[in-house]
Visitor: 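Can you read through this structure? Questions will come right after.
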There are 2 protein chains.
Amino acid sequence: MNIGEASRASGVTQKMIRYYESIGLIAPVKRSANSYRVYTENDVHSLAFIRRARALGFSIEQIQKLMALWHDKGRTSAEVKALAQTHVAALDVKIAEMTAMRQTLQHLVACCQGNDRPDCPILDDLAAAPDGKTVQSATA
Amino acid sequence: MNIGEASRASGVTQKMIRYYESIGLIAPVKRSANSYRVYTENDVHSLAFIRRARALGFSIEQIQKLMALWHDKGRTSAEVKALAQTHVAALDVKIAEMTAMRQTLQHLVACCQGNDRPDCPILDDLAAAPDGKTVQSATA
DNA sequence: ATGGGGCTTCCCATGATGGGAGGGTCAATA
DNA sequence: TATTGACCCTCCCATCATGGGAAGCCCCAT
């Protein structure tokens with residue numbers, strides 16, 4: 001099948017398919033006489049694998065490792081699990097960062113009257129003297 | 001003061017200070033005879049404002065608006081609050097996305113034996129038949 | 001005058017993705 | 001058969017905020 005059909009079947013855009021090929025995430029597929037890329041069901045399967053891994057937030061680099069493990073019959077599930085756990089930990093860090101931001105900001109929002117007057121604790125905090133602690137706590 | 005001192009005083013890297021100037025987030029500062037940038041306490045204050053806003057996850061574009069409001073004596077706190085609330089909502093969306101990823105992945109991790117055998121529910125899920133629902137639920 | 005540190009500009013890279021131009025190909029239809 | 005519309009190709013550029021580094025000027029202290 002051509003790239004359009006492979007895209008529809010896998011849920012990966014044509015742009016992405018070509019990109020994945022260019023960076024070596026997937027091997028270059030065969031070309032027909034007109035130089036069109038030709039995909040097999042197997043290729044579509046791999047693309048869908050990538051799409052699902054991306055949906056879980058894995059980076060391309062991690063997906064490269066996941067696919068290697070996937071194709072490695074001699075793999076151990078411990079290897080896969082370790083990779084996944086690393087990613088869970090990274091997600092935890094990011095979630096914690098964003099949650100801290102959200103909390104700090106939400107607190108400021110709650111303190112803000114939101115009326116026609118210019119007084120605003122949000123701006124006050126952002127413009128705070130160097131010793132202010134509110135925002136720093138969100139970053140630390 | 002020169003850019004190095006301004007950087008130390010504001011907590012914004014020299015690279016970033018020049019970048020902020022280049023994109024118009026801050027106005028170009030005066031130059032000394034040797035074409036060195038010269039900063040005032042006021043400039044440092046603005047840079048620290050930007051740093052704090054970035055630490056709360058505001059985009060450059062949003063910070064541009066925040067600074068305009070900051071300098072606008074005729075602003076209403078309602079405007080600032082609205083901007084902040086928009087950002088809180090965006091954070092909520094991202095946190096929810098990542099939390100969903102984390103949960104799906106953590107579930108798979110918990111199902112994985114993590115031993116010397118190759119059987120792995122994590123890979124099984126990623127390679128799932130097109131009707132599989134696990135990952136889709138993390139994206140939806 | 002020499003060395004080291006600070007400043008300048010300019011270019012490139014990141015990660016994953018989208019947009020678009022410019023051009024070739026194919027299949028169906030008028 | 002000629003045209004049209006859908007498909008495909010490659011190549012370049014843009015995003016967003018940031019870092020790295022090169023090449024070169026400037027200043028101060030030794």
Side-chain angles (χ1 to χ4, degrees), chain A residues 1-26 28-39 43-44 47-67 87 90-91 93-94 97-98 101 139, chain B residues 1-26 28-39 43-44 47-67 87 90-91 93-94 97-98 101 139:
Chain A
M1 74 188 83
N2 285 342
I3 198 171
E5 201 181 339
S7 171
R8 263 167 265 130
S10 65
V12 179
T13 66
Q14 298 184 29
K15 278 278 183 184
M16 281 301 92
I17 295 175
R18 295 195 195 96
Y19 173 68
Y20 292 156
E21 182 185 309
S22 80
I23 62 172
L25 179 59
I26 57 178
V29 295
K30 289 183 182 167
R31 303 294 187 110
S32 58
N34 49 29
S35 84
Y36 286 12
R37 290 175 180 81
V38 178
Y39 294 88
D43 295 324
V44 170
L47 288 169
F49 180 101
I50 294 169
R51 181 179 55 73
R52 292 191 201 95
R54 287 289 303 136
L56 286 178
F58 283 104
S59 69
I60 298 285
E61 197 180 352
Q62 289 172 315
I63 295 174
Q64 226 144 11
K65 293 176 189 165
L66 283 173
M67 293 185 82
H87 182 44
L91 284 172
V93 169
K94 283 185 201 159
E97 281 173 3
M98 305 197 78
M101 286 181 187
T139 346
Chain B
M1 73 189 83
N2 286 341
I3 196 170
E5 201 181 338
S7 170
R8 264 168 266 131
S10 66
V12 178
T13 67
Q14 298 184 28
K15 278 278 184 185
M16 281 299 93
I17 295 176
R18 295 196 195 93
Y19 173 67
Y20 292 156
E21 182 186 311
S22 80
I23 62 171
L25 179 58
I26 57 177
V29 294
K30 289 183 182 166
R31 303 294 188 107
S32 59
N34 49 26
S35 84
Y36 285 12
R37 289 175 179 79
V38 178
Y39 295 87
D43 295 325
V44 170
L47 287 169
F49 180 102
I50 293 169
R51 183 180 53 74
R52 291 191 202 98
R54 287 290 303 134
L56 286 178
F58 283 103
S59 70
I60 299 284
E61 197 181 351
Q62 289 172 316
I63 295 174
Q64 225 144 12
K65 292 177 189 167
L66 284 172
M67 294 186 81
H87 183 44
L91 284 172
V93 168
K94 283 184 201 157
E97 282 173 2
M98 305 196 79
M101 285 180 188
T139 346

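Quick note on labels: first sequence line is chain A, next is B, and so on, each numbered from 1.
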Visitor: Pick the closest DNA chain C nucleotide for B:Val38 and for A:Tyr20 by heavy atoms, then say which residue is nearer the 5' end.
Guide: B:Val38
Visitor: Please tell me if B:Arg18 has a side-chain N or O lying less than 4.0 Å from either OP1 or OP2 of D:dG19.
Guide: no
Visitor: OP1, OP2 of C:dG24 versus side-chain N and O of A:Ser35: anything below 4.0 Å?
Guide: no
Visitor: If I take atom CZ in residue B:Arg8 and atom C1' in nucleotide C:dC7, what distance separates them, rounded to the nearest angstrom?
Guide: 12 Å
Visitor: Testing the basics here: between A:Ile17 and A:Ile26, what is the closest heavy-atom pair and its distance to 0.1 Å?
Guide: O-CD1, 3.8 Å
Visitor: Search all heavy atoms of A:Tyr39 against all heavy atoms of A:Val29 and return the closest pair with its distance.
Guide: CE2-CG1, 3.6 Å
Visitor: Considering every strand and a 4.0 Å limit on heavy-atom distances, what is the contact class for B:Gln14: base, sugar-phosphate, or nothing?
Guide: sugar-phosphate
Visitor: Report yes if the side chains of A:Glu21 and A:Arg37 come closer than 4.5 Å at any heavy-atom pair, otherwise no.
Guide: yes
Visitor: Whole Å only: how far is the CD atom of B:Glu5 from the C1' atom of C:dG5?
Guide: 15 Å
Visitor: Mind listing the closest non-hydrogen atom pair of A:Val44 and A:Ser10 along with its distance?
Guide: O-CB, 3.9 Å
Visitor: To the nearest Å, give me how far apart NZ (A:Lys30) and C1' (D:dC9) are.
Guide: 20 Å
Visitor: Kindly say if B:Ser59 contacts the phosphate of D:dC16, meaning a side-chain N or O under 4.0 Å from OP1 or OP2.
Guide: no
Visitor: At under 4.0 Å between heavy atoms, how does the protein contact nucleotides 20-30 of chain D? Give one character per nucleotide, 5' to 3', with B, S or -.
Guide: BB----BS---
Visitor: Nearest whole angstrom, please: distance from the P of D:dA17 to the CD of A:Glu97.
Guide: 16 Å
Visitor: Which whole-number value in Å describes the distance from A:Ile50 CD1 to C:dT17 C1'?
Guide: 15 Å
Visitor: Please find the pair of heavy atoms, one from B:Gly24 and one from B:Gln64, that lie closest to each other, and give the distance.
Guide: O-NE2, 3.5 Å
Visitor: If I compare all heavy atoms of A:Gln14 with all of A:Ser7, which pair ends up nearest, and what's the gap?
Guide: N-OG, 3.7 Å
Visitor: Could you tell me how far apart A:Arg31 (CZ) and D:dC8 (C1') are, to the nearest whole angstrom?
Guide: 10 Å
Visitor: Under the side-chain contact (heavy atoms from CB on, under 4.5 Å) criterion, do B:Leu25 and B:Met67 qualify, and how do the steps go?
Guide: CA-CA 9 Å; B:Leu25 179 58; B:Met67 294 186 81; 4.2 Å; yes
Visitor: Spell out, as yes or no, whether a donor-acceptor pair under 3.5 Å connects the side chain of A:Asn34 to the backbone of A:Tyr36.
Guide: yes
Visitor: Could you tell me whether A:Phe58 contacts a base, only the sugar-phosphate backbone, or nothing, with contacts defined as non-hydrogen atoms closer than 4.0 Å?
Guide: nothing
Visitor: In whole angstrom, give the distance that lies between atom OH of B:Tyr19 and atom P of C:dC12.
Guide: 17 Å
Visitor: Can you name the closest pair of heavy atoms from A:Val38 and A:Asp43 and give their distance?
Guide: O-OD2, 4.2 Å
Visitor: Has A:Arg37 got a side-chain N or O lying under 4.0 Å from the OP1 or OP2 atom of D:dC7?
Guide: no
Visitor: Rounded to whole angstroms, how far apart are CG on B:Leu47 and P on D:dT18?
Guide: 12 Å
Visitor: Is there a donor-acceptor pair under 3.5 Å between the side chain of A:His87 and the backbone N or O of A:Leu56?
Guide: yes
Visitor: State, to the nearest 10°, the angle formed by the axis through the first five base pairs of the helix from C:dA1-D:dT30 to C:dA30-D:dT1 and the axis through its last five.
Guide: 40°
